[in-house]
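Below is one structure, written out as structure tokens, with a few remarks after it.
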Amino acid sequence: MTSKPYESLDLDARPQRRTFTAQFKSRILAEYDTAPDAAARGAVLRRERLYGSHILDWRKARDAGATAGLTDRRQAAARAAEKAENAELARLRRENARLQVELSKTRTALSIMGKAHALLELLSESAEPTQQRRSGR
């Protein structure tokens with residue numbers, strides 16, 4: 001079994017949805033519309049790995065609103081900004097979780113240091129009277 005160049009080797013990888021620019025859609029529509037017969041139109045679709053439904057949708061969009069209809073709604077500026085916000089939010093949440101763990105470790109270390117300091121004070125207070133007795137003799 002040979003692998004095709006566009007197939008991913010990682011079986012768990014999520015497939016990427018193809019997106020088409022308005023210029024690409026316009027070029028394909030023009031080429032498809034000028035094709036002399038059904039065989040030539042089919043060849044255009046096979047070469048570009050497209051379906052007839054792509055052509056139908058792109059024609060409807062073109063007829064409805066010129067090139068504005070050919071732009072991908074999923075890739076609109078608002079959606080891209082939302083995607084960037086979501087990525088930033090996810091990054092900040094990961095950073096917040098990391099900092100919470102670090103803060104917890106720091107608080108534990110400070111607590112241990114405080115207890116060690118208190119213990120050393122107790123030991124030094126209990127050692128002082130014995131030292132005074134020895135020096136007082």
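Residues take their numbers from the sequence shown, with the count starting at 1.
The heavy-atom pair separating R18 from E48 by the smallest distance is NH1-O, 3.5 Å. Summarising the geometry of R41 relative to A35, their closest heavy-atom pair is CG-CB, 3.4 Å, with the distance given to 0.1 Å.
Rounding to the nearest 0.5 Å places NZ of K105 at 10.0 Å from OG1 of T108. Taking CG of L119 as the reference point, atom CD1 of I112 lies at 13.0 Å (rounded to 0.5 Å). One finds the CG atom of L103 at 8.5 Å from the CG atom of L99 (value rounded to the nearest 0.5 Å). H54 NE2 to L29 CG: the interatomic distance, rounded to the nearest 0.5 Å, is 11.5 Å.
At a threshold of 4.0 Å, the pair E88-R91 counts as salt-bridged, since one of the basic side-chain nitrogens sits closer than that to a carboxylate oxygen.
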Practice prompt. Could you go through the side-chain contact (heavy atoms from CB on, under 4.5 Å) check for Y32 and L45 one step at a time?
Written response: CA-CA 8 Å; Y32 188 85; L45 294 177; 3.9 Å; yes

Practice prompt. Let me see the working for I55 and I28 under side-chain contact (heavy atoms from CB on, under 4.5 Å), right down to the final yes or no.
Written response: CA-CA 8 Å; I55 300 298; I28 295 299; 3.9 Å; yes

Practice prompt. Could you go through the side-chain contact (heavy atoms from CB on, under 4.5 Å) check for R98 and E95 one step at a time?
Written response: CA-CA 5 Å; R98 181 187 58 82; E95 183 179 0; 3.8 Å; yes

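Scored by the salt bridge (Lys or Arg N to Asp or Glu O under 4.0 Å) test, E121 finds no partners at all (sequence neighbours excluded). Taking the side chain to side chain donor-acceptor pair (under 3.5 Å) definition, one finds that E85 meets it with nothing, sequence neighbours left out. Residues passing the side chain to side chain donor-acceptor pair (under 3.5 Å) test with Q23: none are found, sequence neighbours excluded. For R93, there are no salt bridge (Lys or Arg N to Asp or Glu O under 4.0 Å) partners at least two apart in sequence or on another chain. Partners of R47 by salt bridge (Lys or Arg N to Asp or Glu O under 4.0 Å), not counting sequence neighbours, listed by chain and number: E31. Scored by the side chain to side chain contact (heavy atoms under 4.5 Å, CB included) test, Q16 finds no partners at all (sequence neighbours excluded).
Of the possible donor and acceptor atoms, none in the side chain of S111 sits under 3.5 Å from a partner among the backbone N and O of R107.
Using the six-membered ring where Trp is involved, F24 and F20 have ring planes that are parallel, under 30° apart on the 30 and 60° scheme.
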